[in-house]
**Q** 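Please read through the structure below; I'll follow up with questions.
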Amino acid sequence: MHPSETSSDGSGLHERIYEIVRQIPEGRVATYGQIARWAGRCTARMAGYAMAAVPFSSDVPWQRVINSKGEVSTRSHGDGHVEQRDLLEAEGVVFNARGRVDLGQYGWSGPGISEQEMNDLLWRG
DNA sequence: CTTTTGACGCGTA
DNA sequence: CTACGCGCCAAAA
């Protein structure tokens, strides 16, 4: 464990959020607001801040978290958002001409629901 | 202890 | 569609 990432070993809000993000299936995305809601006592902004604090070598699929508009959020410093989109496309997530994702199609329904049921929901509308 | 720093969301005009 | 403001609060320095 790197000294820079020794904090938050289980009792922090960030860790809670990471636990949720870890459950997002490959090829799917979730919004900051959804993450916050599922994490409990957390706001969308908190989720965003938590994502900003994700260590480089982490098993948290941070790329699957986007904003409510279905677009990859541009951050203040760095060009990670470019990599984020690239990683998502590599997972099969399709962006439209405006660089947005159809949340109705790729949006994750949240923890506790199986892929099978998710698929069923998509088919039945 | 205090201060700084943010990957957001939503209502309103 | 764009622009603007405000609410919200943890974690690191």
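Computed from a predicted model, the values in this text were never measured in an experiment.
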**Q** When all nucleic acid strands are considered with a 4.0 Å heavy-atom cut-off, which category describes A:Ala53: base, sugar-phosphate, or nothing?
**A**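 Answer is nothing: A:Ala53 stays at 4.0 Å or more from every strand.
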**Q** Return the 5'-most residue of the pair A:Arg98, A:Tyr49 with respect to DNA chain C, ranking by each residue's nearest nucleotide.
**A**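 In this pair, the answer is A:Arg98.
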**Q** Does A:Arg85 have more than 12 heavy atoms from other residues, nucleotides or ligands lying within 6.0 Å of its CZ?
**A**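 Enclosed: over 12 neighbouring heavy atoms sit under 6.0 Å from CZ of A:Arg85.
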**Q** State, with a plain yes or no, whether a side-chain heavy atom of A:Val29 is found less than 4.5 Å away from one of A:Ile24.
**A**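 Sidechains of A:Ile24 and A:Val29: no contact.
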**Q** How many Å lie between NE2 on A:His14 and C1' on C:dA12, as a whole number?
**A**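 Rounded to whole Å, this separation is 10 Å.
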**Q** Taking the side chain as C-beta and beyond, is there a heavy-atom pair between A:Ile17 and A:Leu13 under 4.5 Å?
**A**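 Sidechains of A:Leu13 and A:Ile17: in contact.
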**Q** Say whether, by atom type as modelled, one donor and one acceptor occur between the side chain of A:Glu15 and the main chain of A:Gly12 under 3.5 angstrom.
**A**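 A pair under 3.5 Å: no.
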**Q** Near DNA chain B, under 4.0 Å by heavy atom, which residues of residues 35-42 of chain A?
**A**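 Nothing qualifies; none.
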**Q** Applying side-chain contact (heavy atoms from CB on, under 4.5 Å), can you list everything that pairs with A:Arg41, at least two apart in sequence or on another chain?
**A**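 So A:Arg41 forms no side-chain contact (heavy atoms from CB on, under 4.5 Å) with any residue.
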**Q** Side chain of A:Gln23, backbone of A:Glu19: donor and acceptor closer than 3.5 Å?
**A**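 Yes, because the side chain of A:Gln23 sits within donor-acceptor range (under 3.5 Å) of the backbone of A:Glu19.
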**Q** Side chains of A:Arg22 and A:Tyr18: is there a donor and an acceptor less than 3.5 Å apart?
**A**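 A:Arg22 vs A:Tyr18: no donor-acceptor pair found between side chains.
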**Q** Considering non-hydrogen atoms only, spot the tightest contact between A:Val60 and A:Val21 and give its length.
**A**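 So the two residues come closest at CG1-CG1, 3.5 Å.
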**Q** Rounded to whole Å, please give me the gap between CD in A:Glu71 and C1' in C:dC1.
**A**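 For the pair A:Glu71 CD and C:dC1 C1', the rounded distance is 14 Å.
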**Q** Rounded to the nearest Å, what distance is computed from the CZ atom of residue A:Arg16 to the P atom of nucleotide C:dA11?
**A**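 From A:Arg16 CZ to C:dA11 P: 12 Å.
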**Q** I need the CG-P distance between A:Leu13 and C:dC8, as an integer number of Å.
**A**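 Answer to the nearest Å: 16 Å.
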**Q** Return the value, rounded to whole Å, for the distance between atom NE2 of A:His77 and atom C1' of B:dT4.
**A**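 So the NE2-C1' distance, A:His77 to B:dT4, works out to 17 Å.
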**Q** Pull out every protein N or O sitting under 3.5 Å from an N or O of nucleotides 9-11 of chain B, one pair per line with the distance.
**A**
{"from": "B:dG9", "atom 1": "OP1", "to": "A:Tyr32", "atom 2": "N", "distance (Å)": "3.4"}
{"from": "B:dG9", "atom 1": "OP1", "to": "A:Gly33", "atom 2": "N", "distance (Å)": "3.3"}
{"from": "B:dG9", "atom 1": "OP1", "to": "A:Ser68", "atom 2": "N", "distance (Å)": "3.2"}
{"from": "B:dG9", "atom 1": "OP2", "to": "A:Ser68", "atom 2": "N", "distance (Å)": "2.8"}

